[in-house]
Number of protein chains: 2
Amino acid sequence: MSSAAELPGFASEPGSAADRPYPGGIPEATVARLPVYLRALYMLAERGVSTVASDELARAAGVNSAKLRKDLSHLGSYGIRGVGYDVEYLVYQVSRALGLTQNWPVVIVGAGNLGRALAHYGGFVTRGFQIEAVFDTDQSLIGSDIGGVVVRPSSELEAVVTSQNIAIGVIAVPAGAAQAVCDRLVAAGVTSILNFAPLVLNVPEGVDVRKVDLSIELQILAFHAQRRSAERFDQAPDQTAAEA
Amino acid sequence: MSSAAELPGFASEPGSAADRPYPGGIPEATVARLPVYLRALYMLAERGVSTVASDELARAAGVNSAKLRKDLSHLGSYGIRGVGYDVEYLVYQVSRALGLTQNWPVVIVGAGNLGRALAHYGGFVTRGFQIEAVFDTDQSLIGSDIGGVVVRPSSELEAVVTSQNIAIGVIAVPAGAAQAVCDRLVAAGVTSILNFAPLVLNVPEGVDVRKVDLSIELQILAFHAQRRSAERFDQAPDQTAAEA
DNA sequence: TTATGTGAACTAATTCACAGCT
DNA sequence: AGCTGTGAATTAGTTCACATAA
């Protein structure tokens, strides 16, 4: 029914600020879940599903349906009461909200295991992002191919970032090298940094850093595991009913 | 001054539920930051710092000091007014809160780039966790060495998990294989799962799953980058002052 | 004097529950 | 009849500001 093409803005140039879609801004917690919804929507689309109700999409995304509907309501009113959401159209709307209707060229610094894993990771390569270059200082890696991109010497970082107008840089080097890499990226004009090195980066005002720490979640798991096993022994009278 | 050894429980057996330290429970948001504090504390300790004030530790961890103090207050009252925190002692207290004073044996399923990156990642290997086994189905990887651990065939997963009493499993396989791996881990007795595959896992009640999605943070970056560039063009009167 | 620990105030996020549209 | 969208209620998290202790 509600085909994507008939709605205003579907074919409009992405990045044009003429149509500002989210007047009040989207809550951070919602932004953080949109990629999850997007992935679930892609999976549904692949299975040939064209319409989905909030319950089903919520289940696929691992959240409850009230939260899903509230989240989507921040993007606009894109569902049909009594029916659900058009999958294709919602994919577009969520993509647009996330800024994925334009293509972001990114550079990855570090061609070790992690850099290579990133270059192949589903969703890193796909819609919205394109790996423009991978850098490393290790001579034995330079020139090798990673997912269709040739590894370049780090010395070329500034030239590539500047000439290709790169806004997003990914740091996948050891902790000891990360701040220096960060400084160079920022000096060359990068304003968004995804940091995989296990340390807090210092950046000037106006640069957005997000970190992914591969060990933090493991430590959180340990916390819960410990608590569960403690509860099994310890008959704390006011804690037993807290979670099943 | 306040040496760690003179405080009750320092040398006590970890895992003993006799001393239940956090009566009200620790807020999730706090738990998620404790690993960051722990890392900052280790860095200070390495630099020879023995005492640290909340401002300084907060700066090293990338949070504000009020939040840090509130977080630490949930673990107990381990600072000294007018002075600060004893680094060594606080390392111990935070470690204990996270359940890292005991050693958790973990298995990693998937010996691709990501699995190898994890096996070498600082903090994954270090205190609190020890990689008991790495599994893969790829014959060409089986038998190879990853950070001192030999890659085994996946068929041995159940035997290892059962005999070594593994509580934590890490899934680093492609999305298509992840649910099957998860089911096998759970059936073998694993109750905590760290999932790197880009999909939502289904697990029975009582199993704790946490996911790390390497692309979600990238998408969040794109959202903010888009918003910033939109603001530069678009003179929205009530949005300009929002952030500097 | 200095820096912690914490009630109180505030802000953000979640969940409820139902009006309103298809 | 069914499912969205959303105010209202609730819960969680953050920040303030200062009493308290070393």
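Values reported hereafter were calculated over all heavy atoms of this structure, with side chains retained and with hydrogens, waters and symmetry mates removed. Since this is a predicted model, take the numbers as computed values, not measurements.
- None of B:D208, B:L98, B:T191 except one satisfies the side chain to side chain contact (heavy atoms under 4.5 Å, CB included) rule with A:H224; the exception is B:D208.
- The side chain of B:P27 approaches D:dG13 more closely than any other nucleotide in the set D:dG5, C:dT14, D:dG13.
- Closest-nucleotide positions on DNA chain C for A:K70 and A:V83 were compared, and the one nearer the 5' end corresponds to A:K70.
- Closest to the side chain of B:R81, out of D:dC16, C:dC21, D:dA21, is D:dA21.
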Apply side-chain contact (heavy atoms from CB on, under 4.5 Å) to B:Q102 and B:W104, showing your working. CA-CA 6 Å; B:Q102 60 191 292; B:W104 297 94; 3.7 Å; yes

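- The side chain of B:Y85 contributes no N or O atom lying less than 4.0 Å from OP1 or OP2 of D:dA22.
- Distance, B:L68 CG to C:dT4 C1': 11 Å, rounded to whole Å.
- Taking atom CZ of residue B:R69 and atom P of nucleotide D:dA19, one finds them 15 Å apart after rounding to whole Å.
- Side-chain nitrogen and oxygen atoms of A:S54 include none within less than 4.0 Å of the OP1 or OP2 phosphate oxygen of D:dC3.
- Nucleotide C:dT6 holds its P atom 12 Å from the OH atom of B:Y78, rounded to whole Å.
- No hydrogens or angles considered: a donor-acceptor pair under 3.5 Å links the side chains of B:Q93 and B:Y89.
- Contact annotation: B:R33 side-chain N/O to D:dT14 OP1/OP2 distance is under 4.0 Å.
- Rounded to whole Å, the distance from CG on B:D86 to C1' on C:dT4 is 15 Å.
- Residue order along DNA chain C, read from the 5' end via each residue's closest nucleotide, puts A:E28 first among A:E28 and A:G82.
- Checking B:S192 against A:R228 by side-chain atom types alone, a donor-acceptor pair falls below 3.5 Å.
- Under the salt bridge (Lys or Arg N to Asp or Glu O under 4.0 Å) criterion, A:E217 pairs with B:R210, not counting sequence neighbours.
- Rounded to whole Å, atom P of D:dT4 lies 16 Å from atom OH of A:Y89.
- Taking side-chain N and O atoms only, A:N64 has a distance below 4.0 Å to OP1 or OP2 of C:dT15.
- The CD1 atom of B:I80 sits 11 Å away from the C1' atom of D:dA21 (whole-angstrom rounding).
- One interatomic measurement links the two molecules: NZ of A:K67 to P of D:dA12, which rounds to 12 Å at whole-angstrom precision.
- C:dT6 atom P lies 12 Å from atom CG of B:L75, rounded to whole Å.
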